[in-house]
2 protein chains.
Amino acid sequence: MYSQAEENYLKTIYALEKDFGNEVSTNLIAGKIKTKASSVTDMLKKLANKELVIYKRYQGVYLTELGRLSALKVIRKHRLWECFLVQKLQFNWDEVHDIAEQLEHVKSELLINKLDAFLRFPKLDPHGDPIPDAQGRVLLSKTLSIKDMKIGTAGIFVGVKDSSSVFLQYLNKKNLALGDKIRVIDIEPFDDSYHIETKTHRLVITSNVAENLCLKNVK
Amino acid sequence: MYSQAEENYLKTIYALEKDFGNEVSTNLIAGKIKTKASSVTDMLKKLANKELVIYKRYQGVYLTELGRLSALKVIRKHRLWECFLVQKLQFNWDEVHDIAEQLEHVKSELLINKLDAFLRFPKLDPHGDPIPDAQGRVLLSKTLSIKDMKIGTAGIFVGVKDSSSVFLQYLNKKNLALGDKIRVIDIEPFDDSYHIETKTHRLVITSNVAENLCLKNVK
DNA sequence: CAAAAAATTTAGACTTACCTAAAATAATAT
DNA sequence: ATATTATTTTAGGTAAGTCTAAATTTTTTG
Ligand SMILES: [Mn+2]
Ligand SMILES: [Mn+2]
Ligand SMILES: [Mn+2]
Ligand SMILES: [Mn+2]
């Protein structure tokens, strides 16, 4: 099938299309994948030859239907393995992403479908991201980042945009966990920092943090 | 740490040393790994530079202590994953080897030790092979292949030398499973075939098959 | 022991996935 | 509209791991 490098590019392009709209630029990809723009160009040509993306020189890329489905298969594997690590092996949510980066490339449809059944067909991974089914169907629940909320409104903390261990350990330290109800108390215009409160405490977060917290609306 | 290719060579050299005694030859390795002798030579130089093997031109190789321990770590991972696949995901014993070939290269000590605990520290994999512990200690129970048995003697079928799905499916078809008591009824000198019997049936096997069945002595 | 055969190594080439530096193109600013 | 800057691509190179063909060394055989 596809190489690990190809799979990583597909996954990355999928994520960037979602965050920035179609037509993903070379530099954006290079930034995410921590590689050089010239390497990205090489790979985009290869992906285009395999009909996984549409690529026009200087114009960026977007996934074809085949590319989208292939990306979703990798994402499905990544998120199912993360569930396994947390639910069965007692890992913490901040420890699983890098291991799942490796496990996601193991090739076996049967394996991943049996893993899905073993975990009882989970719908969300440990970071609140939806798990595509075997056909590549995925529910996209529209959540708000704290940055999009007005002062005084509240929501349930249901996901993170950044799954890196540094960020998740920051949240652990600040006692913020999925399921918490968070209210925006105030926004400081000077530095764009956010005063928020949960049932148990109040704290100030930077706009960088605010952007990476996904809430679901609640009355 | 080491690349997948390096890990595969280490594992293979370890297995060949066991089967053929120390000083493993280039061609033997090439045969097992399904690669060309010239590729093996290249890799042996690399492994020697990393002090994983002792290699003298034209003289074959053997593992250093570091090489032996590194090989055992890969074998430990391979066998634990096979246990997981059979015990938790309900795979058959003939389906797991190729998937474990991929999973064995996932890098995380914590992962493999947690997996070990999750499986309750199994001592044997689904093919009867012993699982090294986290320190690389492994029990080497001396078993006989049917080829080493005299007419009239019997033993318990405790392991296979060949874990390929073709061979295991042959055993399924012939109704031979780990734990069966097998008696050697007769050996045909003409073609070196073996007449054997279990509790439920008799059959004839070739010497090729006989060689790959490991029995434990029983009175 | 010398010749033939077998095993092993070397030489040179290929693919994948990277890289740096230079050239080309697009976007922005004056 | 042109000049400057930013982005992207091309050109050429590297390392890992493989290959084929040729050279070398070891082993076997008459
Ligand atoms: Mn992740
Ligand atoms: Mn990955
Ligand atoms: Mn195996
Ligand atoms: Mn392997």
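Residue numbers start from 1 in every chain, and the chains themselves are labelled A, B, ... in the order their sequence lines are given, proteins ahead of strands.
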> Of A:S3 and A:Y58, whose closest DNA chain C nucleotide lies nearer the 5' terminus?
Replying inline: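 Between the two, 5'-proximity favours A:S3.
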Nearest-angstrom distance from the residue atom [atom1] of [X] to [atom2] of [N]:
X     : N      : atom1 : atom2 : value
B:L44 : C:dT8  : CG    : C1'   : 11 Å
B:D42 : D:dC19 : CG    : P     : 10 Å
A:N27 : D:dA6  : CG    : P     : 12 Å
B:Q4  : C:dT16 : CD    : C1'   : 14 Å
A:E6  : C:dT16 : CD    : C1'   : 9 Å
B:R57 : C:dT8  : CZ    : P     : 13 Å
B:K45 : D:dA16 : NZ    : P     : 14 Å
B:K36 : C:dG12 : NZ    : C1'   : 17 Å

Would one find more than 12 heavy atoms of other residues, nucleotides or ligands at under 6.0 Å from atom [atom1] of [X]?
X     : atom1 : value
A:K88 : NZ    : yes
A:Q87 : CD    : yes
A:K73 : NZ    : no

>> Quick check on D:dT8: is either OP1 or OP2 less than 4.0 Å from any side-chain nitrogen or oxygen of A:K56?
In response: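 It does not, given that no N or O in the side chain of A:K56 lies less than 4.0 Å from OP1 or OP2 of D:dT8.
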>> For a quick test of reading the model: is some side-chain N or O of B:Y9 closer than 4.0 Å to OP1 or OP2 of D:dT18?
In response: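 For D:dT18, OP1 or OP2 has a side-chain N or O of B:Y9 closer than 4.0 Å.
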> Is any N or O donor-acceptor pair between the side chain of B:S38 and the base of D:dT20 shorter than 3.5 Å?
Replying inline: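 Side chain to base: pair present.
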> Do we see a donor-acceptor contact under 3.5 Å between the side chains of A:S25 and A:N27?
Replying inline: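 Result is no, nothing qualifies.
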> Using a distance-only test with no angle check, is there a side-chain donor-acceptor pair under 3.5 angstrom linking B:S164 and B:D162?
Replying inline: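 The criterion, which ignores hydrogens and geometry beyond distance, is satisfied for B:D162 and B:S164.
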>> Measuring from the side chain of A:A5 (C-beta onward, heavy atoms only), which nucleotide among C:dT9, C:dC18, D:dT18 has the closest atom?
In response: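 Looking only at side-chain atoms, A:A5 lies closest to C:dC18.
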> Of all the choices, D:dC19, D:dT26, D:dT9, which nucleotide is nearest to the side chain of B:Q59 once you look at every atom?
Replying inline: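 In terms of side-chain proximity for B:Q59, the closest of D:dC19, D:dT26, D:dT9 is D:dT26.
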>> So A:T41, base contact, sugar-phosphate only, or nothing? Heavy-atom distance under 4.0 Å.
In response: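 Result for A:T41 = base.
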